[in-house]
Amino acid sequence: MGTAALAGKRADTWEKKIRPALSASAAFDEGFFKDHGERLWTPNDQDRSAAILLHIELVSRVATQRLDYSHGVEEGALKSIFELFGRTRTFCTENPGCSTFEIVAWHVLNATVRPFTARWHPIGQAGGLRALDTSDEFRGELETVQSALLDLDAVLQVIAAYRGYSPTQARRVVQTAVDEEMQSFPGWRPMGRIDKADLLSTRERDMILARRQHYDLDQKQGWASGLALSGGGIRSATFAIGVLAALARRNLLPQFDYISSVSGGGYAAGFLTQLLAGKDEDPNFGLEAHKQPFVRDEGESRILRKVRNGASYLSGSFVERTALAAIQAHGMFMNLLVVTLLTAVFAYVEFAVRHATPWTTTDAFSLFLPVVAIGGLVITRLARKTFYHEDKPSYLMTFFGGLFLLLPTMFVLHFFHAGVRFLANFVLGVQTSPAAPITLIAILAWLALTISGFVAVGAIVSQFNRLRPALLTTISAIFLLVAQSLFYNFFADIGPAAATVWAAAAIVTLLILWLVIDINVASLHHYYRFKLSKAFLLKPSCDPAEPMNLSTFDARRALFPIINCALNVPSSSDPVMRGRLSDVFAITPVAAGARVLGYFETDSWEVSNTNLDLGSTIALSGAAVSPQMGLRTKRYASFWLTVLNLRLGIWLRRPGKSPAAPGLWYLLKEMTATADERGAFLNISDGGHIENLGVYELMKRRCRFIVAIDGENDPTMTFHALTNLQRLAYIDFGITLDVNLDDLRLGEAGYSRSHFQLCRILYPQGPDDSPLEVGYLLYMKLSLTGNEGEYLKRFKLDEPTFPHHSTADQFFSETQFEAYRSLGEHIGEKMFLPAITGPLDQTNVQLEEWFRCLGHSMLRPVSTGERAPQTAR
């Protein structure tokens, strides 16, 4: 080696050799180079040997690998880093004289690693790292330590004059796999339709492009995104407001295309829609981070304080409560009147038949019982041939066979009537006879007594799920039989002539009611709509706004709303509906309808239903109590829910149909749970009765990124809404949700490990379901992990049911409102921790980049072969 070369080699200093190998880590700061930077770079064989050994430790340990957010083991990472001290001491002992190695290694371990282990080792020993969400701060500090160790590894390779495997390569493999997966995305389908020339889908696309233009976003972007706000009444609305505030703070809200809501989630969605898309425009309001309603100025914005003050929105003044009681009483009276008149007519028919055939009321009738029973069995035997052979029994034989089978029923009714007369005499203390007949007052007293008793029994029965169907069915049958028997005895006591007059009066009254009654008038929907509108549909001035019609939606500043209801069709001829009893009825500014019904322009619905504005729409979406409740429809309960007028839903007139009001026929359909999609009027109730997350319609449109805010009542974490969505999405669209919910389930202490999970949405393409398009669902669950702030911990002590107060509680106090809002914001903030997103710009987050960072932390790379379609799991 020449003199010049030797001089150049000796001129290499620590700073010249080390600094080029470093990243942005502060492990080797200016203080280090001030102390050692001018030293000549002269590592020896012992330095190189120790450096190789420690390099092997670093590349093979969890210490330098980024923890998968869902499956990483924090205790293992802490232990792995802690063990580096012992291994480094061993390498120094085995390689005496490795001064360069010692200075470099111990500088990083003592200056950066030791404070970390000193803080977290006792916490880990106490079990403080077992909750995933509790370890977020640990993960953030771990990132800093790992960056220092990666720089240490780079310097060790310089010392050893060796260029081998770097721990950063493993990280790049995972990130590259996710990045490549995200390069392919599902094509946007407005209205869920492929045909780009379709009028309705074109209008929906144009409205969304108008918003993108207003917020200066890429209009050529071929994919869509959406927010989903679940059902759950005021609890869900308040929780969603907290999450939306966290998203707004990062300027993410303008980047979403859709806001799909159900029930309580519709309160929050309706609030934003009315505020930003109504006729009262204010430049200070918008979806941007620096605009109201979510921007903070030394506290919460004035309009959100207005919403907070209206949390107990169903509370009312004395006049409002009186009016509500009057509406409810009117509805109950009308419904009971209809039932009473119908039973009276049936009782008269039986009375007339028996009067025309006096032998049916004598004890001699018992002599005919064996003959009738044998004849009925013979005819029934012959009738079976109808299903198996060509020699079918004649219609005449079938008629008489049925008649013979009805005669024993009349015989049983005869004794039932006698029993009711005896009980009436006993309870009322009046001996009734033709001379002293049962009066209408006695009948009404009996019915009132019967209803009171059945309501009390029903309240007890409701606590026994297995007995409920049989007992409520029995109670309904007994109630109707008692009413019919009372009227029969009344007719028998007053004689044929008077009975005919009374029956004619009942029939005339029914005909009048049939012609003039509007069953929507007595629904509690109108009060519900009024209170919701007053509390959530506001002007920028904070005054209540006149609810807008969705057809007048101003698409420039607001997210495109999809308000989900349930179309109840338990008697549909569609085979799919026979299992579900309902379909998703989606209402948007462009169109409203359901798959089983078809879709009509929104303004045509508004013309046919003059009260169908935004207030009515969100009230329908939240009509949780109705005689027909989609998947939850119980025919044994429908009768009593109708009679007691527990009806939050209404009947919507189909566009283009007669302007007549829904009358008694539709009331009977509610009582018997026999609505369908073929009539002029359609029964609409809570969207949660079919799909409670609001994600269904977003998947139908093939959204690439979906954020689902699930605030449903789920204290045992069974995830009914999400698993129901999996089933519907796979059956209807062939879409598979690839999700693991283990971190959200309750642990032994009653807490979840995490508040959220990122999962893949596998959209099928083509008739053979291949290839797949991949979207992503960020599922944010109303949950506790144990690391919430002191306010929430204290509230949990005071209210053990938190965060799953019953949806029946719609009278939130200021304390409850703040607890759920605060929890929503807490969970929203967690989504932007550096431990999850890495070095992401926190002030102006890009939606696609945010999901990419979430994918780096929370997704396991999968091969194409692993993405085969699967059934709902």
Side-chain angles (χ1 to χ4, degrees), residues 69 133 136-137 139-140 143 178 182 208 211-212 214-218 221 223-229 238-260 265 268-269 271-272 275-276 284-301 303-304 557-560 698 703-711 754-758 776-781 789 821-859:
Y69 189 77
D133 193 51
D136 285 334
E137 188 177 357
R139 287 167 172 266
E143 284 285 320
V178 172
M182 286 193 175
I208 289 175
R211 189 206 83 262
R212 292 182 182 178
H214 178 80
Y215 289 109
D216 197 24
L217 301 170
D218 182 8
Q221 175 180 291
W223 50 269
S225 59
L227 287 166
L229 313 185
T238 308
F239 176 64
I241 287 174
V243 176
L244 291 175
L247 298 178
R249 194 167 296 123
R250 275 82 182 181
N251 211 33
L252 275 167
L253 289 185
Q255 301 175 58
F256 287 97
D257 297 307
Y258 297 98
I259 183 165
S260 178
F271 164 71
L272 279 179
L275 194 63
L276 302 180
N284 295 315
F285 285 78
L287 297 174
E288 300 101 323
H290 64 279
K291 289 189 176 181
Q292 293 195 48
F294 294 111
V295 68
R296 298 181 70 88
D297 182 15
E298 295 185 359
E300 199 169 48
S301 68
I303 197 163
L304 282 184
R557 297 184 300 141
L559 303 179
F560 187 89
L698 298 179
C703 286
R704 182 186 184 190
F705 300 127
I706 300 174
V707 174
I709 304 171
D710 185 3
S754 180
H755 297 293
F756 40 78
Q757 185 57 263
L758 182 68
Y776 302 91
L777 171 69
L778 177 58
Y779 178 64
M780 307 177 72
K781 182 69 171 176
R821 187 214 62 81
S822 179
L823 179 58
E825 190 164 5
H826 168 81
I827 294 175
E829 291 293 328
K830 289 290 182 183
M831 296 310 310
F832 300 95
L833 289 174
I836 303 173
T837 62
L840 187 70
D841 179 9
Q842 294 288 315
T843 57
N844 190 26
V845 177
Q846 298 302 303
L847 180 62
E848 184 173 10
E849 183 61 23
W850 181 44
F851 266 86
R852 193 182 306 279
C853 292
L854 293 175
H856 291 165
S857 293
M858 303 174 69
L859 290 179

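Quick note: numbers below take in every heavy atom, side chains included, and nothing from hydrogens, waters or symmetry partners. Sequence positions, counted from 1, serve as the residue numbers for this chain. Model, not experiment: these values are computed from the prediction.
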Side-chain heavy-atom pair [X], [Y] within 4.5 angstrom cut-off:
X    : Y    : value
P293 : L272 : yes
R704 : M182 : yes
V295 : N284 : no
E825 : R249 : yes
L252 : V707 : no
Q255 : F705 : no
Q842 : F832 : yes
I827 : K781 : no

Once you round to the nearest 0.5 Å, how far does [atom1] of [X] lie from [atom2] of [Y]?
X    : Y    : atom1 : atom2 : value
I259 : L244 : CD1   : CG    : 6.0 Å
E300 : Q292 : CD    : CD    : 11.0 Å
R250 : T843 : CZ    : OG1   : 10.0 Å
L859 : L758 : CG    : CG    : 4.5 Å
L778 : I709 : CG    : CD1   : 9.0 Å
C703 : L227 : SG    : CG    : 10.0 Å

Practice item. Check the angle between the aromatic planes of F851 and Y776 and answer parallel, tilted or perpendicular using the 30° and 60° thresholds. Key: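 It falls in the tilted class, 30° to 60°.
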Review point. When you look at H755 and M780, which way does the side chain to side chain contact (heavy atoms under 4.5 Å, CB included) test go after all the steps?
Key: CA-CA 6 Å; H755 297 293; M780 307 177 72; over 6 Å; no
**Study point:** Derivation of the side chain to side chain contact (heavy atoms under 4.5 Å, CB included) call for L304 and F271
**Key:** CA-CA 10 Å; L304 282 184; F271 164 71; 4.0 Å; yes
Review point. Taking it one step at a time, do I836 and F756 satisfy side chain to side chain contact (heavy atoms under 4.5 Å, CB included)?
Key: CA-CA 12 Å; I836 303 173; F756 40 78; 3.7 Å; yes
Taking the side chain from [X] and the backbone from [Y], do they hold a donor-acceptor pair closer than 3.5 Å?
X    : Y    : value
D257 : G226 : no
R821 : I241 : no
E849 : L840 : no
R852 : V178 : no

Practice item. Please step through side chain to side chain contact (heavy atoms under 4.5 Å, CB included) for the pair Y258 and I208, ending with a clear verdict. Key: CA-CA 8 Å; Y258 297 98; I208 289 175; 3.3 Å; yes
Check your understanding: Is the number of heavy atoms from other residues, nucleotides or ligands under 6.0 Å of D216 CG greater than 12?
Key ->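 No - once you tally the heavy atoms of other residues, nucleotides and ligands closer than 6.0 Å, there are 12 at most.
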Point to revise | Set of residues satisfying salt bridge (Lys or Arg N to Asp or Glu O under 4.0 Å) with respect to E288, sequence neighbours excluded | key: K291
[X] and [Y]: which non-hydrogen atoms are nearest, and at how many Å?
X    : Y    : result
F239 : D710 : CE2-O, 3.8 Å
A268 : L229 : CB-CD1, 4.0 Å
G824 : V243 : O-CG2, 3.3 Å
F285 : R557 : O-NH1, 3.0 Å

